[in-house]
There are 2 protein chains.
Amino acid sequence: MPEPISLREKLSRFDDHWNPRVIAELNGQHVKLAKFQGEFVWHDHADEDELFMVLRGSFRMEFRDRAVDVREGEILVVPRGVEHRPVADEEVHVLLFEPAATRHTGDVVDARTVTEYQWI
Amino acid sequence: MPEPISLREKLSRFDDHWNPRVIAELNGQHVKLAKFQGEFVWHDHADEDELFMVLRGSFRMEFRDRAVDVREGEILVVPRGVEHRPVADEEVHVLLFEPAATRHTGDVVDARTVTEYQWI
């Protein structure tokens, strides 16, 4: 049966960066939590739109032609096919909504690529 | 191009209860904001799971055999086919994530049923 999920409690369970954890699934979509710090890899997702919601802190989303700051209490939807790179000068806590099949580095595979997401 | 969306700014645009507004769409899913106060109608969604995230305040989600409190910073996923009724003793601000086709009163139509969701 449905039980409430505390975002704060789930965030306390991990400390590493760029390694999203799954906390819920609905309609073939995953709700994930992640901590970002530093620069991620340039990538896109050919078939998946991706939502970022900032729970604490802020980060900069770079696109090939510009960048936007995403602050606490804001969401950003990156449409499929749009190359992007998140950059966080300081640690930021982010909630992600995206199809369960989404690989966080998109079509790029690097040392940080996670192929099997961990549920917490 | 993607622009950050402030939840606080969007919430300031309406004051009525039980009337969700759409703020984003991705992968056939809507992100909505709503304000709840009082008792909603018992309903279920035959084909759609529904996510509730409390942004401010708290509410009680009643099921036929029990109830759970959902507080600020918590999410609750109600699986398809599970009858539920949100009840808020005081006003609560909620983010909803659900398929774009979802009707908030499910299979029930009452005076509050919205058939065409407004984008803000």
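Both backbone and side-chain heavy atoms feed into the values below; hydrogens, waters and symmetry mates do not. Lettering of chains follows the sequences in order, A, B, ..., and the numbering in each one begins at 1.
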**Q.** Distance, nearest 0.5 Å, that separates CD of A/E74 from CG of B/L7
**A.** 8.0 Å

Q | Part of B/M61 within contact of chain A (heavy atom distance under 4.5 Å) | A | neither

Q: Would you mind checking which part of B/D65 comes under 4.5 Å of any heavy atom in chain A, side chain (CB onward), backbone (N, CA, C, O), both or neither?
A: side chain

Q: Answer with yes or no whether the hydrophobic clustering places A/V78 together with A/V41; edges join I, L, V, M, F, W, Y residues whose side-chain heavy atoms lie under 4.5 Å apart.
A: yes

Q. More than 12 heavy atoms of other residues, nucleotides or ligands under 6.0 Å from CZ of B/R64: is that the case?
A. yes

Q: Using non-hydrogen atoms and a 4.5 Å limit, figure out which bit of A/E9 sits close to chain B: side chain, backbone, both or neither.
A: neither

**Q.** Region of B/E72 in contact with chain A, defined by heavy-atom distances below 4.5 Å
**A.** neither

Q: Among A/I5, A/L26, A/N27, single out the residue with the greatest number of heavy-atom pairs under 4.5 Å to chain B.
A: A/N27

Q: Sort A/V68 into side chain, backbone, both or neither according to what part of it lies under 4.5 angstrom from a heavy atom of chain B.
A: side chain

Q | Among the listed options B/R8, B/H84, B/Q29, B/E98, the residue most often paired with chain A at heavy-atom distances under 4.5 Å | A | B/Q29

Q.
Tell me the closest heavy-atom pair linking B/M1 and A/V82, and the distance in Å.
A. CE-CG1, 4.5 Å

(Q) Quick check on the interface: out of A/L51, A/V31, A/D47, who has the most heavy-atom pairs with chain B under 4.5 Å? (A) A/L51

**Q.** Structural part of B/F63 lying under 4.5 Å from a heavy atom of chain A
**A.** side chain

Q) Are A/F36 and A/L76 connected in a single hydrophobic cluster, I mean Ile/Leu/Val/Met/Phe/Trp/Tyr linked by side-chain heavy atoms less than 4.5 Å apart? A) yes

Q: Name the region of B/I23, side chain, backbone, both or neither, that has any atom closer than 4.5 Å to a heavy atom of chain A.
A: side chain

Q | Interchain contact, B/R71 with chain A, by part (heavy-atom threshold 4.5 Å) | A | neither

Q) Where do A/D69 and B/P4 come nearest, in terms of heavy atoms and distance? A) O-CG, 3.3 Å

Q: Please answer: with hydrophobic residues joined when any side-chain heavy atoms are less than 4.5 Å apart, are A/F59 and A/L11 in the same cluster?
A: no

Q. Salt bridge between A/E3 and B/R66, side-chain N to carboxylate O under 4.0 Å?
A. yes

Q | Minimum heavy-atom distance between A/L95 and B/M53, given as atom pair plus value | A | CD1-CE, 3.5 Å

Q: Consider only side-chain heavy atoms of I, L, V, M, F, W and Y, link residues closer than 4.5 Å, and tell whether B/L55 and A/L55 are in one cluster.
A: yes

Q.
So for B/V54, is it side chain, backbone, both, or neither that comes closer than 4.5 Å to the heavy atoms of chain A?
A. neither

Q) What distance separates A/I75 CD1 from B/L33 CG, expressed to the nearest 0.5 Å? A) 7.5 Å

**Q.** Residues, nucleotides or ligands: over 12 heavy atoms within 6.0 Å of B/R13 CZ
**A.** yes

